[in-house]
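Quick notes on the structure that follows.
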2 protein chains.
Amino acid sequence: MKIGELAKKTDCSVQTIRYYEKEQLLCTTQRSDGNFRLYDEAAVEQLLFIKLCRNLDLSLSEIRQLLTLKRSPGAQCDQVNRMMDTHIQQVETRIQELVQLREHLKSLRRSCSSERTIEQCGILQTLTTNQHQKR
Amino acid sequence: MKIGELAKKTDCSVQTIRYYEKEQLLCTTQRSDGNFRLYDEAAVEQLLFIKLCRNLDLSLSEIRQLLTLKRSPGAQCDQVNRMMDTHIQQVETRIQELVQLREHLKSLRRSCSSERTIEQCGILQTLTTNQHQKR
DNA sequence: GCTTGACTCTATAGTGACTATAGAGTTTAA
DNA sequence: TTAAACTCTATAGTCACTATAGAGTCAAGC
């Protein structure tokens with residue numbers, strides 16, 4: 001199958017597939033006479049695997065590592081587990097940051113009502129006075 | 001004061017200040033004979049305002065809007081309120097996405113223990129079988 | 001007056017994970 | 001044969017910086 005069909009089957013854009021190839025996540029094994037990329041079912045599977053990983057917010061580099069690991073089925077899977085643990089921790093941290101941010105934003109928003117002028121705006125006042133704190 | 005002093009006072013890198021100038025968030029009103037940027041206290045205030053907004057994850061474009069609004073103190077502040085509401089909503093959505101993602105990652109992680117081989121790895125098995133779902 | 005070092009200047013390239021475009025070539029159907 | 005639909009490579013853009021190169025400026029010490 002050509003790249004367009006692979007794109008449709010995996011709900012991936014054609015450019016993204018070419019980008020993944022450049023990034024060594026999906027290699028094209030065959031080319032047609034007219035130099036078109038040709039793919040088989042294994043490519044569909046691999047691309048769907050990549051998409052699932054991306055949905056888990058794994059970076060392309062992490063996915064590249066997973067793909068390498070998949071190629072040595074006899075090895076221990078500690079590395080996969082460790083990667084997941086690290087990744088879960090990162091997501092956890094980001095959630096906590098965002099929750100704090102949300103509370104900050106909400107309290108800021110409460111400091112203003114809609115009938116004020118810019119000069120009286122509680123939000124701008126808070127941001128402008130010297131209560132400079134770090135995240 | 002020169003750019004280095006402004007950078008120290010605001011805990012901002014010199015390059016970032018120049019970048020903000022290029023992005024029209026902080027204009028340099030004066031230059032020295034040797035073409036060095038010169039700043040006053042108002043610049044310190046404005047840069048600290050920008051930093052606070054960045055800590056709230058506001059985009060440079062949103063901050064540019066706020067700075068423009070600040071220059072017309074008589075106008076209504078609805079626009080500020082609306083921007084904050086939109087922004088809070090975005091943060092809320094992102095938190096919910098990440099919470100779902102975290103649960104997905106955790107359940108995936110539970111499917112594997114450390115004494116397995118890659119072939120038996122519950123994580124890779126789940127990601128490889130055809131349970132392809134969208135986020 | 002000269003040198004050294006710390007500072008500043010502009011311009012350009014890199015980050016990550018794509019997306020979009022230009023300009024060319026290939027294939028397929030009418 | 002010709003038009004449309006597809007594909008190719010190469011390059012630039014996104015965001016908010018960060019890093020670098022190569023040049024110029026300035027103050028202190030000799």
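Predicted model, so just to flag it, every value in this text is computed and none were measured. Here is how names work: the chains are called A, B, and so on, in the same order as the sequence lines, proteins then strands, and each is numbered from 1.
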Minimal non-hydrogen separation, A:His87 against A:Leu56, with atom names: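 A:His87 and A:Leu56 have their closest heavy atoms at NE2-O, 2.9 Å.
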Heavy-atom pair with the smallest gap, counting every atom of A:Ala7 and A:Ser13: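 Between these two residues, the closest heavy atoms are CB-C, 4.3 Å.
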Would B:Asp57 and A:Arg94 count as a salt bridge (charged side-chain N to carboxylate O under 4.0 Å, His left out) if you check the C-alpha gap in whole Å, the side-chain angles of each, and the deciding distance to 0.1 Å? CA-CA 13 Å; B:Asp57 258 8; A:Arg94 187 65 187 142; 3.4 Å; yes
Distance check needed: [N] [atom2] versus [X] [atom1], whole Å only.
| X | N | atom1 | atom2 | value |
| --- | --- | --- | --- | --- |
| A:Leu26 | C:dA17 | CG | P | 16 Å |
| B:Ile3 | C:dC7 | CD1 | P | 13 Å |
| A:Glu5 | C:dT28 | CD | C1' | 15 Å |
| A:Asn35 | C:dA24 | CG | P | 17 Å |
| A:Gln24 | C:dC18 | CD | P | 16 Å |
| A:Glu23 | C:dG16 | CD | P | 8 Å |
| A:Ile17 | C:dT19 | CD1 | P | 11 Å |
| B:Arg31 | C:dT8 | CZ | P | 12 Å |

Could you tell me whether the side chain of A:Arg82 and the main chain of A:Thr86 form a donor-acceptor pair under 3.5 Å?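 Not confirmed, A:Arg82 side chain does not pair with A:Thr86 backbone.
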Full working for salt bridge (charged side-chain N to carboxylate O under 4.0 Å, His left out) between B:Arg18 and B:Glu21: CA-CA 5 Å; B:Arg18 287 198 281 248; B:Glu21 179 177 328; over 6 Å; no
When you match A:Lys8 and B:Gly34 each to their closest nucleotide on DNA chain D, which lands nearer the 5' end?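 Going by which nucleotide is closer to the 5' end, it is A:Lys8.
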Within 45° cone of A:Tyr39 ring axis and under 6.0 Å: A:Lys9 NZ or CZ: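 No, A:Lys9 and A:Tyr39 do not form such a contact.
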In terms of heavy-atom contacts, does [atom1] of [X] have more than 12 from other residues, nucleotides or ligands at under 6.0 Å?
| X | atom1 | result |
| --- | --- | --- |
| A:Glu62 | CD | yes |
| B:Gln79 | CD | no |
| A:Gln24 | CD | no |

With heavy atoms under 4.0 Å as the rule, sort B:Arg18 into base, sugar-phosphate or nothing.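 The residue B:Arg18 makes base contact.
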Do A:Leu6 and A:Phe36 share a hydrophobic cluster (ILVMFWY, side-chain heavy atoms under 4.5 Å, transitive)?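 Unlinked, A:Leu6 and A:Phe36 end up in two clusters.
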Interface residues of residues 58-69 of chain B with DNA chain D (non-hydrogen, below 4.0 angstrom):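 Residues of residues 58-69 of chain B that come under 4.0 Å of DNA chain D are, in numerical order, B:Ser59, B:Leu60.
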Side-chain N,O (A:Tyr20) to OP1/OP2 (C:dC18) below 4.0 Å: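 Answer is yes, contact under 4.0 Å.
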For A:Cys12, the option from A:Ile50, A:Leu47, A:Leu48 that meets side-chain contact (heavy atoms from CB on, under 4.5 Å):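 Between A:Cys12 and the candidates, side-chain contact (heavy atoms from CB on, under 4.5 Å) is satisfied uniquely by A:Leu47.
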Could you give the start and end, 5' to 3', of the contact zone on DNA chain D for chain A, using atoms under 4.0 Å from its heavy atoms?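 In short, chain A contacts DNA chain D from D:dT7 to D:dT9.
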What bend angle does the helix from C:dG1-D:dC30 to C:dA30-D:dT1 show across its length, from five-pair end axes and to the nearest 10 degrees?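 The end-segment axes of the helix from C:dG1-D:dC30 to C:dA30-D:dT1 are tilted 40° relative to each other.
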